[in-house]
Every structure is written in structure tokens, then in C-alpha cells.
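All remarks here apply to the structure that follows.
We count ligands from 1, going down the list as the structure has it; atoms in each ligand are counted the same way. This one's a predicted model, so the numbers in the text were calculated from it and none came from an experiment. Computed from heavy atoms alone, side chains included, the values below leave out hydrogens, waters and symmetry copies.
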Amino acid sequence: MSIQQQTKEAVQYIQSNISTVPSTGLVLGSGLGVLADEIKNPVVLKYEDIPGFPVSTVEGHAGQLVFGELEGMQVAAMQGRFHYYEGYSLQEVTFPIRVMNALGVKRLLVTNAAGGVNHDFEPGDLMIIDDHINWLGANPLIGENDAELGPRFPDMSSAYSKGLAKIADEAALSLNIRIQRGTYMANTGPAYETPAEVRMARVLGADAVGMSTVPEVIVAVHGGMEVLGISCISNLAAGMLDQPLSHDEVMDTTSKVQEDFLKLMKETLRRIAQEDA
Ligand code: HPA
């Protein structure tokens, strides 16, 4: 079945369950799914029930789409995402973005937990993603291009909306939350980087490293969506401190920064809704 046909089936199923059109999509990364718990009058659809959706396997990911109102906006929130390292193709990883796009979502707020590469970063920092480096060795758009979905050669020169980044920056300032800005590099994982790879990432211009986000952003840009990316710096990347790195540390820091993350996302959404009005 073509991606378009699969998308159509997922959209039909979702539309039979919701009564509003979401304007904004949220992709909530490891430990950051709590934001979806704040959605008013939520309609919750489990990934396993949506035609064409893969099923999430990683710890800390609920695996459901939550629809409803958040800070005055109709949102579609992915509570849990799909990763390349789980064995899914990049087409599968990005299928939910295609579905959101087809539902009418015009902007995407993507979040993740990431390792800090920039020496100025501290665990617990939040970073607005200004740009990315695709280090996956693959691209979700490889294969036949469906011109109805987007162009064969999409421009990536402003993949991350400067306008949305400015709103998030101002939201952080108003809340007195320390905010960083930088370039996110996506590696496949699931192994964390070696210290040598982290030095390489820094030389190449990365400020943070992670295992997600980039495929979703590429597909969102292909489909003409505006993108805001926020990384939660859960740890300093391998070799930067004299200690090993663990998923538990990542989850631990993410839960500590949850409060700031929630405040920042809600204030950013509120400001976007104001601009929309
Ligand atoms: N590397 C890659 N992915 C990550 C990291 C890291 O250090 N921390 C959280 N996700």
C-alpha cells in the first residue's frame, strides 16, 4: 500500500474519533510526555489502534496520540515516538508526521532528550534547536517522491522557524528559565556515542546529540509545516565527565527538568495561540 493510502486510512480512523481540526502537533520525547496530560477534554487514541501506525517499544514512551485543547490551541500530541534504532524504517518513524500533516496540522513542536556537546551546557538545560545535522546515514524521503506531499528536493535552509524560536526564546525569558540555542545532531543509537564521536560532533558544529527528531523534521518541512524543536539536555555527552552514561541518568534529569519544560511549552503555546488569534 502507498504511504498516501495508508495515511488516508489513519486519517479516516482519527477523524471518526475527533470533532476538531488540530492546528499544532506535538512530539513528546523520553520523559516529556507529561505535557499531554495537561490537554483539556482529551481524546486518546492508542497507536496500536490506528491503522498503519507502528507500535512503540522503548521505556518511558506511552504510545498514544492525544487530541484536545492546550493553552487555547487544538493540538495533536504524540506521547511517545518511533526511533530508527528500534528497527523501524524512517518511513515508519515519520508516518505519524504525515498523518498529522494530512489532518491539517500546520506547525510541529518536536521535543527530545539529548546529550550536551557544547561545553557551556549543563544537564537540565533546555535548548531551542536552530538547525540540525543528519548523521543517520539515511533520509526518510529516499524513494519515489509523491509531489502531492511535497517537493522532490525540499529546501532545508530554514527548517526550524525563526519566528517560533523567537517566541520560545521570549517565553523562556519571561519565565526566567535558562535557555540555550544550538545545533542538534542525530545519530542512530542505540549505543551512546564514544568520546571520540562526541569530539567529532563538536568539531562538526553540533551542540547536542540525540537519536530522534531529525527524520520527523525533514518530513514536516517536506510537507510544508513550520517547526519548533526543543531539546532537554539530560546529560553531558560521553567523555565530557569522568563517569559512565546511562538511560537512568537521562530519565532522571528529564524528570527533574519536567517542571521548567512544562512551563516553557505551555507559555510558548499560549503566545503562539495569541499570534494566531
Ligand atoms: N547521546 C545520544 N542520545 C541521547 C543522549 C546522548 O548523550 N542523551 C539523551 N539522548
Could you see which bit of A114 sits under 4.0 Å from ligand 1, with heavy atoms only: side chain, backbone, both or neither?
backbone
Between Y192 and H247 (judged by ring centroids, cut-off 6.0 Å), do the two rings come close enough to count as a pair?
no
To which protein heavy atom is atom 9 (C) of ligand 1 closest, and what is the distance rounded to 0.1 Å?
S234 OG, 3.4 Å
Filtering G115, A113, P190 for the heavy atom nearest atom 5 (C) of ligand 1 leaves G115
Select one of side chain, backbone, both or neither to describe which atoms of N187 lie under 4.0 Å from any atom of ligand 1, heavy atoms only.
neither
Counting only heavy atoms not in E9, do more than 12 fall under 6.0 Å of its CD?
yes
Does a donor on one side chain sit under 3.5 Å from an acceptor on the other, for Q64 and D49?
no
At less than 4.0 angstrom from any non-hydrogen atom of E193, what atoms of ligand 1 do you find?
1 (N), 2 (C), 6 (C), 7 (O)
Inspect the surroundings of CD in Q5 and state if more than 12 heavy atoms from other residues, nucleotides or ligands are less than 6.0 Å away.
yes
N/O of Y192 under 3.5 Å from N/O of ligand 1, yes or no?
no
Once the angle between the rings of F53 and Y47 is folded into 0 to 90°, is it parallel (under 30°), tilted (30 to 60°) or perpendicular (over 60°)?
tilted
Proximal ligand 1 atoms for M211, defined as those under 4.0 Å from one of its heavy atoms:
2 (C), 3 (N)
Checking R178 side chain against A172 main chain: does a donor-acceptor pair fall under 3.5 Å?
no
